[in-house]
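The next block holds one structure in the form of C-alpha cells; read it before the comments.
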Amino acid sequence: MKFISIFYGIFLLIVLIIYWTLAEQRLRLWILLLASLVFYASLHIQYIPLLLVLTFINFRLGLEIGKNTSPGPHSQDWRISNEEWQFAQADWNLRRLKILWLGVILNVSLLLGFKYLPPVFRVVFNLSTEAPDATFKFIAPLGISFFTFECIAYLIDVYRGAPATEQFLKFATYKLFFAKLISGPITRYHNLAIQFNTPHLPTVDKVAEALWLIARGAVKKGIFADYLGIFVDLCFGNLQRAGSADLWLATWAYGLQLYLDFNGYVDIARGTALLFGLVLPENFDFPYFSTSIAEFWRRWHITLGDWLRNYIYFPLGGSRQGLIRTCWNLFIVMLIAGIWHGSAWGYVVWGVFHGLALGVHRLTDAISDRFENMEYFWQNPLGIILAWLLTQLMVFTSWIWFRLPNLQDSSLVIGHLWGHSADEQFVQKIYVEALNMNQYQIAWLLLAIAGLMGIVYAFNRKLKLELNWPIKLVFVPISLYAVWLLAPEGSLPYIYFDF
C-alpha cells in the first residue's frame, strides 16, 4: 500500500472513522495497532512476527532497566546501613547498565545483520553482485533502521531516568504506528505517549493543516521527485556515455530529488498523524539554505541528527574535551551515520566526507573567533553567499556516493565531472527520445524548482507568512488532482525505504 494511492486514502478514511467513533482510548490504541499491522502486511507481511517479537523484547528490557530492586536510603529495614545501601545501589546500577548493553547489542546486531550479512555471504561464497538473489533471499524489513534506532533511544532514555511504560499496548502502538514506521521521523516514546493519553479531536484548522501536509507531500513526491528521478536514473544508469554537463545536472537533480522525496514522505506522515490528533516532529527545515555543514545537519533529517547527537556525540564527550577531541567525535558520529545507511563502501565515504567537513567547519569557527576580520567576513553578505555556495557544493557532490554507493561507479562520476563529452547516442536516447528536453531546459527546470523553494523559504522564514486554513483547503483538491493528472506512470519507490 503506497502513501500516494487511492487504496491508502480509503484505508486512512476507514481507520479515522473507526478511531474517532470510539470513546475509550484503549480501544483507539487497538485500532491504531491493528491498522498499522494491516498497513505493514500490505508491504512486508513476512516480517510482522519479527517486529512484534522485537517490540515485546524491548518492552521487557525497558521494564527491567526501570525496575528499582535496591532498597531505598530510608528503607523500613533499620538493619541496612548507609554503606550497605550504597553497595546495593551500585549493584542495581550495574545491573541496569548490563541490561541496557544487552538491549543495545541486540538491536545493533539485528540492524547490522540485515544490512551486512548479504554482502558478507556474497564475498564468502564468491557471488557476483549481479547474481540472482535466489541463493540468499535476504531482504531487510522495511523501516528496520528507524525501528531499531527508536528502540535504542527508548532503552537509553529509561536508563537515564525516564519512566518505563508498563502498558505493552501503548508501547507497541508507538513502535508500529503506520504513519512513521517505514521512514520516520524518528520519534521518542515519551513524547508520543503523552499524546496518546490526551487525544483531542482535531479542530477545523488542524484538519486543514493535516490535509495540506498530505497534499503538498504528494506533490513533492509524486510530481517533482519522481520526474527528477527519471532523469537521474537515465543519467546514472549510463555513466560510460554521459558527459560532464550531464553528470553535474544529474548530481544537482538527485540532491533535489532526495530532499523532495524524503520531505514529501514526512509531510504525508505528519499529516496522517495530525488527523489522529498526534504531532510528529519536524524532519526538515529548508536544509539547502544552510550556510555551513553544521547548520545543514541541524536542518536535514532533524530527528536522525538529534539521535546521533544525544546517543552518540554527547556520550563520546561532545565538545567538552577540547577542539581536537570535538572534531574526532564529529568524525566518528558521521562515520556511524554512513554505516547506518548501508553496507556499501560509498556510504562510508559519504560519512567520512561529512565528518571531515564538520571538523573543518569547527576548526574554521575556532580560527575565526581569534581573528576579528575573518569573523566579520563570514558575517557580511559576500561571506554569507560564499559560505552558502561552499556548503551546497560539498553537500551535493557528497550525494554522488550516496546515490552510487558502489565505489567503481561513484569514482567514475567524480573522474568525469570535468572535460568529458557525452556520445551522440546518449544525447539522442536520453534528451530527444526519453525526455524530449535538452540540457538547457533541464538546467532551467532545476533552477525553477530551486527558485520555488527559495520563494517558500522567504515567505515562511523571512516574512513569517503562511497560508490560512481556508486557502489550504482550497489547494488540497487542486494538489491531489494535479498529482493524479501529472504524476509519471509507475511511481518510483521512496528512496529512504532502502535505509
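Heavy-atom basis, side chains included; hydrogens, waters and symmetry copies ignored.
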Enclosure of Ile45 CD1 (heavy-atom neighbours >12, cutoff 6.0 Å) | no
Counting only heavy atoms not in Phe459, do more than 12 fall under 6.0 Å of its CZ?
-> no
What class does the angle between the rings of [X] and [Y] fall in, given that below 30° is parallel, 30 to 60° is tilted and above 60° is perpendicular?
X      : Y      : answer
Trp350 : His354 : tilted
Tyr265 : Tyr494 : perpendicular
Tyr496 : Phe146 : tilted
Phe402 : His341 : perpendicular

Just do the side-chain contact (heavy atoms from CB on, under 4.5 Å) check on Tyr313 and Ser319 with the steps written out, would you?
-> CA-CA 9 Å; Tyr313 180 65; Ser319 58; 3.6 Å; yes
Establish, for the pair Arg403 and Trp401, whether the NZ or CZ atom is under 6.0 angstrom from the six-membered ring centre and no further than 45 degrees off its axis.
-> no
Within a strict 4.5 Å, meaning less than it, do heavy atoms of the [X] and [Y] side chains meet?
X      : Y      : value
Arg95  : Ile65  : no
Asn58  : Phe171 : yes
Tyr481 : Val476 : no
Leu52  : Tyr47  : no
Val266 : Arg270 : yes
Arg188 : Asp157 : yes
Trp30  : Tyr19  : no
Tyr159 : Ile99  : no

Roughly how far, to the nearest 0.5 Å, is the [atom2] atom of [Y] from the [atom1] atom of [X]?
X      : Y      : atom1 : atom2 : value
Asn191 : Leu280 : CG    : CG    : 10.5 Å
Leu473 : Ile478 : CG    : CD1   : 11.0 Å
Thr203 : Lys206 : OG1   : NZ    : 6.5 Å
Thr55  : Tyr154 : OG1   : OH    : 11.5 Å
Ile400 : Phe236 : CD1   : CZ    : 6.0 Å
Trp212 : Leu467 : CH2   : CG    : 6.0 Å

Carboxylate-amine/guanidinium contact [X] [Y], below 4.0 Å:
X      : Y      : value
Asp261 : Lys220 : no
Arg96  : Glu64  : no
Glu24  : Arg28  : no

If you compare all heavy atoms of [X] against all heavy atoms of [Y], which two are closest, and at what distance to 0.1 Å?
X      : Y      : answer
Ile293 : His361 : CG2-CB, 3.8 Å
Lys180 : Leu192 : CE-CD2, 4.1 Å
Ile186 : Pro281 : O-CG, 3.9 Å
Leu275 : Leu16  : O-CD2, 3.5 Å
Cys151 : Lys175 : SG-CE, 3.5 Å
Leu51  : Phe147 : O-CZ, 3.7 Å

Spell out, as yes or no, whether a donor-acceptor pair under 3.5 Å connects the side chain of [X] to the backbone of [Y].
X      : Y      : result
Lys464 : Arg461 : yes
Trp484 : Ser479 : no
Ser290 : Ser292 : no
Trp307 : Phe149 : yes
Asn329 : Gly318 : yes
Thr148 : Leu111 : no
Glu466 : Asn460 : no
Asn107 : Leu110 : no
Gln195 : Val279 : yes

Any donor-acceptor pair under 3.5 Å linking the side-chain atoms of [Y] with those of [X]?
X      : Y      : result
Asp306 : Tyr311 : no
His190 : Tyr174 : no
Asn263 : Lys221 : no
Thr272 : Tyr8   : yes

May I have the step-by-step check of ring-ring contact (aromatic ring centres under 6.0 Å, His included) for Trp340 and Tyr347, ending in yes or no?
-> CA-CA 8 Å; Trp340 173 75; Tyr347 297 118; 9.8 Å; no
Would [X] and [Y] count as a close aromatic pair, with their ring centres under 6.0 Å?
X      : Y      : result
Phe396 : Tyr288 : yes
Phe284 : Phe262 : yes
Trp399 : Tyr259 : no

With Lys472, which residues qualify under salt bridge (Lys or Arg N to Asp or Glu O under 4.0 Å), at least two apart?
-> Glu209
With side-chain contact (heavy atoms from CB on, under 4.5 Å) as the test, would you mind laying out the steps for Arg299 and Phe289 before giving the verdict?
-> CA-CA 9 Å; Arg299 294 176 164 203; Phe289 294 92; 3.8 Å; yes
Begin with the C-alpha distance, continue with both residues' side-chain angles, and end with the deciding distance and a verdict on side-chain contact (heavy atoms from CB on, under 4.5 Å) for Thr303 and Thr187.
-> CA-CA 7 Å; Thr303 56; Thr187 309; over 6 Å; no
Residue pair Asp285, Arg298: steps toward the salt bridge (charged side-chain N to carboxylate O under 4.0 Å, His left out) verdict | CA-CA 8 Å; Asp285 184 19; Arg298 289 192 293 269; over 6 Å; no
Go through Asp267 and Ile214 one step at a time and tell me if the side-chain contact (heavy atoms from CB on, under 4.5 Å) criterion holds.
-> CA-CA 6 Å; Asp267 279 350; Ile214 293 172; over 6 Å; no
